[in-house]
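When a ligand or atom number is given, it counts from 1 through the structure's own listing order.
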Amino acid sequence: MTKDSNELGINTRLAHSGNNPRDYFGFVNPPVVHASTVLYPNAATMAGRGQKYTYGTRGTPTTDALASAIDGLEGSAGTIIVPSGLAAVTVPLLAFLSAGDHVLIVDSVYHPTRNFADTMLKRLGVDVEYYDPHAGAGIAALIKSNTRVVFTESPASNTFEVQDIPAIARAAHAAGAIVMMDNTWATPLYFRPLDHGVDISIHAATKYPAGHSDVLLGTVSANKACWKQLCETFYTMGCCAGPDDVYQVLRGLRTMGVRLDQHQRSALDIAGWLEGQPGVARVLHPALPSHPDHDLWKRDFCGSSGIFSIVLKGGGQKQQHAFLDALEIFGLGYSWGGYESLAVPVFLGDRVVAKGPYEGPLVRLQIGLEDVDDLKADLARGLAAAAG
Ligand SMILES: Cc1ncc(COP(=O)(O)O)c(C=O)c1O
């Protein structure tokens, strides 16, 4: 049995996956290879590209180490590593969509994904349509003869609806379309998209894999059928990531299991506590039994991460801003998955289907690794300010 075998526990695998220390004189970590040029021993090898590494954009021992670790976690045939989570969304969409194709995108998608679809995909002649995150098997009614891709994200950005991914995958495949999933929330530790019928699994590795709010990176993992086309597009576009960032994410993976475990426990504790606070109408966290999609989440996911939203009881932007401005430990800033707690106002004005209604303004919370009692006290300050 190898040290990254699927039969081992997840933290053992995270500690040992990717590189083999014996390949580099026993050093535990792989080298950070800064490279454009790779030398060839002779012209014939060069002409036939007859060696493993050929040019910096096409992979190095550093990118291979991370890609191989991610393949192990995802159960994928291959993984590309790109410079941001947003690039991990746009590159596969460009790889599989052409002028005249139709794409179905979940309405509760990460906003920049929508922006990419509404601007670049439309300009390239792709017919973009948004669907209800609760469509499930009903997605079949929206699939057209030219539907090439069904894009999913579950749980949803900001509102955390859970999608019935296996049902969507069955309907899409029956019609000859492929399924992509932005799985950043769960990481492959808590949901393995390819096991549920997804063809392409997308991650903003910027979040939990990097874990320290200092690196941008994306990974895209494909099953065997989609790998060649994904990889060819990646080479064609030349959108490779810098070696230091790739290395940092591999380093982050080593501790991702223990960090996620802590994020999960703290977020659940705080989410449950918030449900009992005056001033909170609802907590949108799929691992809470009160969440409308809890049963679906429980069926498919094996854990929850540290980000969820609250709906304030009544009020509008004034109360939302009062809540945010009163916070002293939670920072006001975008992104999540790092060690520090963050809060952002939620804007749903771009949605066409999944718009609510909600009882008041929404605030998204990323629960970091601070002590839970301190975070609760901070949130109580926010709620008092919103009520005042
Ligand atoms: C669900 C989701 N996907 C993708 C991204 C994009 O990641 P990045 O910030 O690395 O571009 C984000 C960032 O917030 C996200 O929340």
Arg148 to Phe96 six-membered ring, cation-pi geometry met (6.0 Å, 45°): no

Contact atoms of ligand 1, heavy-atom distance to Leu216 under 4.0 Å: 9 (O), 10 (O)

Close aromatic pair by centroid cut-off 6.0 Å: Tyr208 and His203: no

Numbering as shown, the atoms of ligand 1 that approach Gly85 to under 4.0 Å (heavy-atom distance): 6 (C), 7 (O), 8 (P), 10 (O), 11 (O)

Aromatic ring proximity, centroids under 6.0 angstrom, His291 and Phe160: no

Thr206, any N or O under 3.5 Å of ligand 1 N or O: yes

Mutual orientation of the aromatic rings belonging to Phe27 and Phe25 [parallel < 30°, tilted 30-60°, perpendicular > 60°]: perpendicular

Test side chain to side chain donor-acceptor pair (under 3.5 Å) applied to Asp293 and His134, step by step: CA-CA 9 Å; Asp293 303 334; His134 291 129; 2.8 Å; yes

Gln163 and Thr152: side chain donor to acceptor below 3.5 Å: no

Ring center gap for Tyr190 and Trp185 short of 6.0 angstrom: no

Contacting atoms of ligand 1, where contact means under 4.0 angstrom from a heavy atom of Ala204: 4 (C), 5 (C), 6 (C), 7 (O)

Heavy atom of His203, distance to ligand 1 below 4.0 Å: no

Heavy atom of the protein closest to atom 5 (C) of ligand 1 (residue, atom name, distance): Tyr110 CE2, 3.3 Å

Ligand-side contact atoms (ligand 1) for residue partner Glu153, heavy atom cut-off under 4.0 Å: 1 (C)

Atom 13 (C) of ligand 1 [closest protein heavy-atom partner, distance rounded to 0.1 Å]: Lys207 NZ, 2.7 Å

Per-residue contact class, Trp336 against ligand 1 - non-hydrogen pairs under 4.0 Å: side chain

Shortest protein heavy-atom distance from atom 3 (N) of ligand 1, along with the residue and atom involved: Asp182 OD2, 2.6 Å

Nearest-contact summary for atom 11 (O) of ligand 1 - protein heavy atom, Å: Leu86 N, 2.9 Å

Cation-aromatic face contact Arg58/Tyr235, 6.0 Å, 45 degrees: yes

